[in-house]
There are 2 protein chains.
Amino acid sequence: MKQGANPADLQPAINRLSALIALGDGDVESLRATSNQVFALSAGQELIKLSQVTSRSAIVLKGWLARVRQGRQGKRQILDIYVPGDIITPTPRVDPYVAGAIVALQDVALCLTPASPGDTLRDAFQLCRQMDEGRLLRQIYRLGRMTASERMYDWMIEIRDRLRIAGLAADNEFKLPVTQDLVADILGLTAVHTNRTLKDLRLSGKLTWRMGKVRIAAE
Amino acid sequence: MKQGANPADLQPAINRLSALIALGDGDVESLRATSNQVFALSAGQELIKLSQVTSRSAIVLKGWLARVRQGRQGKRQILDIYVPGDIITPTPRVDPYVAGAIVALQDVALCLTPASPGDTLRDAFQLCRQMDEGRLLRQIYRLGRMTASERMYDWMIEIRDRLRIAGLAADNEFKLPVTQDLVADILGLTAVHTNRTLKDLRLSGKLTWRMGKVRIAAE
DNA sequence: CGTCGTCTTGAAAGGTTTCAAACGGCGTGG
DNA sequence: CCACGCCGTTTGAAACCTTTCAAGACGACG
């Protein structure tokens, strides 16, 4: 919980919400008001207290987060990813193992959603929650019915589309600020195979990922 | 949409809801009132009109349903399963491919939730939705990080627990009215491997599935 | 300059799919 | 009543995909 809000940080969220529903000036204003109080998380930290303290959602201003479930034997699976502009709605009153922990993948900045949002904003947040569910379903299909390279490609497309809506990606290029290890935990693969899969996609001309930048070839 | 409600059909749902929250007499009464109008689906039929016609949820009185996503190349993945006593809350205003179709696995009987539920019932339905999400997360972990026999065993445990809460299963035995083919689509496996995995579990004494009845050995 | 985390590659082992065939139960029609 | 066909189950063998174990290369950082 620190100061240091940069109003520009809110732009991805505004872009994303505007893609769902037409926001009025008042809506943008109320978002901007809340973004003055910034919550900071450093890489690796868990977002837990938030849902204990308030039932409000959080807006990701900066940095990526992951919703992760850790099994015994060190296996871990990432359930969902949050990028700047996303709204994180904590699942209340549920065993944290069931709901999955939310951890910061880098240094992260968040702010709360307005305490009394207007109808429009409320609808927008509702739509966000529906999109959350859509991502979980997509993840299930990906893990259940796709091969390694299909999973990789499909996930890259999903991330590209999400970043693009938030205004954070050029047409087919975006910054991917995570390790291959982490991508492995998303795609249900080992880090080694993730690396090989990436090589295959590069050799077949589908996509490249170098220097933290992904470029997807024309579909 | 037919008549033929049997009040006893409502018991699984009452059991399940009571496990979440203490229901008052009025709550049970209002549930019972709605269960007079029964919606019937025959095996293979899709539950679509419901969410177009009303935003109310549906209570499963009889039969199993699956939420399924169908890929091209004939691959299909079951995202979630509904058993008697479950509450199905359709995802509104979302591309049906994204949300997944809900299909009846056998002849199914449903009724709607009350149009104006009391606070208690409203809370209970809210908790049901949270449990829905929990199941999706569990499914993601299962597909991403478990082997075939782990998936099978874990899923059987989940179904046993759910049926038990609804009052539909003895301690370690329950009716499983689906084909191996369908279980394969749940677990992200082929039908052939599902069969082999079942054999492994039987030989290692973990569980048996014969004549439509599953028996799980002591944990 | 050494260390650490990440990326990369090889070879072998393991798990899962694919293709093919056969078996069993069960309802239908001859 | 029996034969047939259909659907779901079961099994085998080979191909394929992914993991595991091991080692080396690279870059960032103290």
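Convention: sequence-line order gives letters A, B, ...; per-chain numbering from 1. Every value quoted in this text rests on a predicted model; they were computed, and no experiment measured them.
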Rounded interatomic separation in angstrom, taking CD from A/Q106 and P from C/dG5: 18 Å
Residues A/D132, A/R129: salt bridge by 4.0 Å N-O rule: no
Ionic contact status for A/R145 with B/D185, cut-off 4.0 Å: yes
Boundaries of the chain A footprint along DNA chain D (any atom under 4.0 Å from a heavy atom): D/dT18 to D/dC21
Between P of C/dC7 and CE of A/M211, the distance in whole Å: 11 Å
Pair B/N172-B/R215, side-chain donor/acceptor within less than 3.5 Å: no
Salt bridge present between B/E173 and B/R160 (N-O < 4.0 angstrom): no
Residues A/R67 and B/E133 bridged, charged N to O under 4.0 Å: yes
Reading 5' to 3' through nucleotides 9-23 of chain C, protein heavy-atom contacts under 4.0 Å coded B for base, S for sugar-phosphate only, - for none: BBB----SBBB----
Carboxylate-amine/guanidinium proximity below 4.0 Å for A/K62 and A/D9: no
Salt bridge A/D86-A/R162, side-chain N to carboxylate O under 4.0 Å: yes
Candidates A/D80, A/D154, A/I186, A/I78 - the one meeting side-chain contact (heavy atoms from CB on, under 4.5 Å) with A/Q139: A/I186
